[in-house]
Amino acid sequence: MTVNLLDFDADGLARFLAELGEKPERTRMRALQVMHWVHQRGVADFAGMTDVAKSLRGCLAEVACVLAPQVVRDTTSDDGTRKWLLDVGGANAIETVFIPETSRGTLCVSSQAGCALDCSFCSTGRQGFNRNLSVAEIIGQLWFAKRALGDFGSGDSDERTISNVVMMGMGEPLANFDNVVVALRLMLDDNAYGLSRRRVTVSTSGIVPAIDRLRDACPVALAVSLHAPNDALRDQLMPINRKYPLAGLMDACRRYLERAPRDFITFEYVMIDGINDSDAHARELLGMVGDLPCKFNLIPFNPFPGSSYRRSSNTRIRAFQQRLLDAEVVTTVRKTRGDDVDAACGQLAGQVQDKTRRTRRAVQIAQVH
Ligand code: SAH
Ligand code: SF4
């Protein structure tokens with residue numbers, strides 16, 4: 001079977017080259033050479049890796065490949081947001097979105113085909129869980145997008161088209177912990193993508209033990225999907241809250257801050273009309289977060305077929321924002337981008353085949369914890 005080199009971080013690649021018979025004293029150097037070609041120049045053809053010994057190139061061509069998920073659809077929105085639908089086999093597709101802004105370019109990356117956590121406002125969650133993405137499928141989204149955007153070649157970080165990565169596409173990144181961490185390490189590795197920890201963000205629904213593990217394994221910027229100021233409402237919106245209620249989640253955020261590259265946690269808060277968007281909710285929210293250093297990002301709810309929720313009005317969103325600002329909590333409202341190509345948050349539905357059974361979902365949730 002052909003081995004996909006996109007599955008390896010530096011250590012994994014060195015181990016693989018050692019298995020191929022590369023001398024121990026040379027494996028590290030060889031691994032770095034190959035990594036530079038693959039992750040810094042976007043080269044998939046071993047014949048083109050000119051500084052790699054010819055014998056090794058020949059050997060790699062026989063047993064290995066560099067293969068990202070294949071693109072099924074490529075759409076660009078009027079505002080420049082670009083969305084790719086990528087085939088990950090078995091009738092599953094995932095989505096990757098590039099959001100250009102004046103001072104940065106952000107790639108939104110998926111971590112799973114579907115999601116088991118079943119949040120009531122999320123179209124990915126509504127479809128159920130299919131499977132975890134491999135490292136190659138996660139890092140392959142960045143590799144593929146850089147090629148599609150012509151972003152390989154310039155080593156200068158100021159000139160990069162993709163300057164930031166957010167794990168906010170389909171799936172719960174911390175429920176696919178091991179593969180996500182290897183992919184994060186590649187994003188940060190100076191021999192690969194060399195992004196700073198501050199420019200790589202993991203967004204989680206709040207799997208408390210996994211937040212602690214991320215802090216120890218690879219502390220990048222953290223965004224936590226809060227969406228409710230109390231357990232009763234959060235239980236309804238996000239079933240994961242029944243397992244990890246808010247008090248414990250806030251403690252995990254404090255522990256994370258001890259190692260985080262930024263000195264605040266970003267809280268995402270989806271604004272759903274009449275559900276979680278009143279002034280009373282804002283007040284309760286301020287009481288709940290207390291003195292925890294944080295910023296809020298209010299996300300206008302994105303409706304999708306079959307959902308009965310509605311987006312809060314702009315006036316309500318502004319009023320809610322003002323309540324938080326009045327308490328000196330930095331609060332932004334996420335611009336809805338790429339609406340015309342369904343690239344907005346929570347629309348990343350793809351064409352995941354829904355094979356979910358209740359039991360299967362329960363097993364997945366149990367495995368996560
Ligand atoms: N599973 C992770 C990351 C992916 S979702 C998480 O839940 O954090 C990325 C963000 O989009 C999360 O904050 C999520 O709550 C939000 N989201 C999901 N569905 C949405 C919708 N319909 N409208 C607006 N935001 C939504
Ligand atoms: Fe999963 Fe995040 Fe959607 Fe919840 S909001 S179902 S955790 S992808």
Side-chain angles (χ1 to χ4, degrees), residues 94-97 99 106-133 138 141 165-177 180 200-208 210-211 214 220-228 233-244 249 253 265-273 275-277 295-312 317 332-339 342-350 352 354 356 361 364-365 368-369:
I94 53 157
E95 290 176 320
T96 307
V97 181
I99 305 152
T106 304
L107 192 71
C108 181
V109 168
S110 296
S111 55
Q112 300 182 307
C115 182
L117 299 189
D118 208 14
C119 302
S120 61
F121 51 83
C122 172
S123 91
T124 303
R126 300 276 88 184
Q127 294 178 81
F129 175 72
N130 202 287
R131 69 169 173 84
N132 282 331
L133 298 185
I138 300 170
Q141 296 170 64
V165 174
V166 293
M167 302 287 308
M168 292 185 187
M170 295 175 75
E172 165 54 49
L174 297 187
N176 182 13
F177 190 89
V180 164
V200 176
T201 301
V202 165
S203 172
T204 180
S205 57
I207 301 174
V208 167
I211 293 176
L214 185 69
V220 293
L222 187 68
V224 174
S225 295
L226 218 45
H227 308 324
L233 182 55
R234 201 166 186 267
D235 281 352
Q236 280 177 35
L237 298 176
M238 308 179 71
I240 189 76
N241 193 69
R242 295 177 205 151
K243 178 129 193 165
Y244 300 115
L249 179 56
C253 290
I265 301 285
T266 301
F267 287 129
E268 295 162 281
Y269 195 94
V270 60
M271 298 293 293
I272 313 175
D273 183 38
I275 302 287
N276 64 352
D277 64 348
K295 289 186 181 175
F296 271 85
N297 192 215
L298 306 180
I299 315 174
F301 170 69
N302 279 301
F304 54 90
S307 167
S308 53
Y309 294 135
R310 288 184 314 268
R311 177 182 294 183
S312 309
I317 295 176
T332 51
V333 178
R334 187 171 299 169
K335 270 193 287 176
T336 45
R337 299 282 308 246
D339 268 358
D342 281 353
C345 267
Q347 300 263 245
L348 303 186
V352 177
D354 189 353
T356 313
R361 198 175 295 180
Q364 159 73 9
I365 292 176
V368 165
H369 318 300

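Numbering of ligands and ligand atoms starts at 1, following listing order. All residue numbers refer to positions in the sequence shown, counting from 1.
Taking the six-membered ring where the residue is Trp, Phe296 and Phe267 present tilted rings, their angle falling between 30° and 60°.
Polar contact check, Ser203 against ligand 1: a nitrogen or oxygen pair lies under 3.5 Å apart. Geometrically, ligand 1 and Pro300 share no nitrogen or oxygen pair separated by less than 3.5 Å.
Judged purely by atom type and a 3.5 angstrom limit, Asn176 has no side-chain atom pairing as donor or acceptor with the backbone of Asn132. A donor-acceptor distance shorter than 3.5 angstrom exists from the side chain of Ser312 to the backbone of Met271, with no hydrogens or angles considered. A distance-only check finds no donor-acceptor pair linking the side chain of Arg311 to the backbone of Asn302 [under 3.5 Å]. Listed for the Gln112 side chain is no donor-acceptor partner under 3.5 Å among the backbone atoms of Phe129. For the pair Asn276 (side chain) and Val270 (backbone), a donor-acceptor distance under 3.5 Å is present.
The CZ atom of Arg234 sits 7.0 Å away from the OG atom of Ser205 when rounded to the nearest 0.5 Å. With values rounded to the nearest 0.5 angstrom, Ile94 atom CD1 is found 11.5 Å from Thr124 atom OG1.
Less than 4.0 angstrom separates some heavy atom of Gly171 from each of these atoms of ligand 1: 1 (N), 2 (C), 3 (C), 4 (C). Within ligand 1, the atoms closer than 4.0 Å to a non-hydrogen atom of Val270 are 23 (N), 24 (C), 25 (N), numbered from 1 in the order shown. Listed by number with element, the atoms of ligand 1 under 4.0 Å from a non-hydrogen atom of Cys122 are 18 (C), 19 (N). Within ligand 1, the atoms closer than 4.0 Å to a non-hydrogen atom of Thr204 are 6 (C), 8 (O), numbered from 1 in the order shown. Listed by number with element, the atoms of ligand 1 under 4.0 Å from a non-hydrogen atom of Ile299 are 13 (O), 24 (C), 25 (N).
The heavy atom nearest to atom 12 (C) of ligand 1, considering only Pro303, Ser225, Gly125, is found in Ser225. Counting heavy atoms only, His227 comes closest to atom 14 (C) of ligand 1 of the residues Met238, Met170, His227, Glu268.
At a heavy-atom cutoff of 4.0 Å, ligand 1 is contacted by no atom of Leu117, backbone or side chain.
Taking 4.0 Å as the cut-off, Gly169 counts as a neighbour of ligand 1 on heavy-atom distance. At least one heavy atom of Ser205 sits under 4.0 Å from some atom of ligand 1.
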Evaluate the side-chain contact (heavy atoms from CB on, under 4.5 Å) criterion for residues Leu249 and Tyr244: first the C-alpha distance (whole Å), next the side-chain angles of each, then the deciding distance (0.1 Å), finally the verdict. CA-CA 7 Å; Leu249 179 56; Tyr244 300 115; 5.7 Å; no
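Dense packing is recorded around CZ of Arg242, with more than 12 heavy atoms of other residues, nucleotides or ligands lying under 6.0 Å away.
At a threshold of 4.5 Å between non-hydrogen side-chain atoms, the residues Val333 and Pro300 count as touching.
For the residue pair Glu172 / Ser111, no side-chain donor-acceptor distance below 3.5 Å is found, with atom types taken as modelled.
Around atom 1 (Fe) of ligand 2, the protein atoms of type N, O or S that sit closer than 2.8 Å are Cys115 SG.
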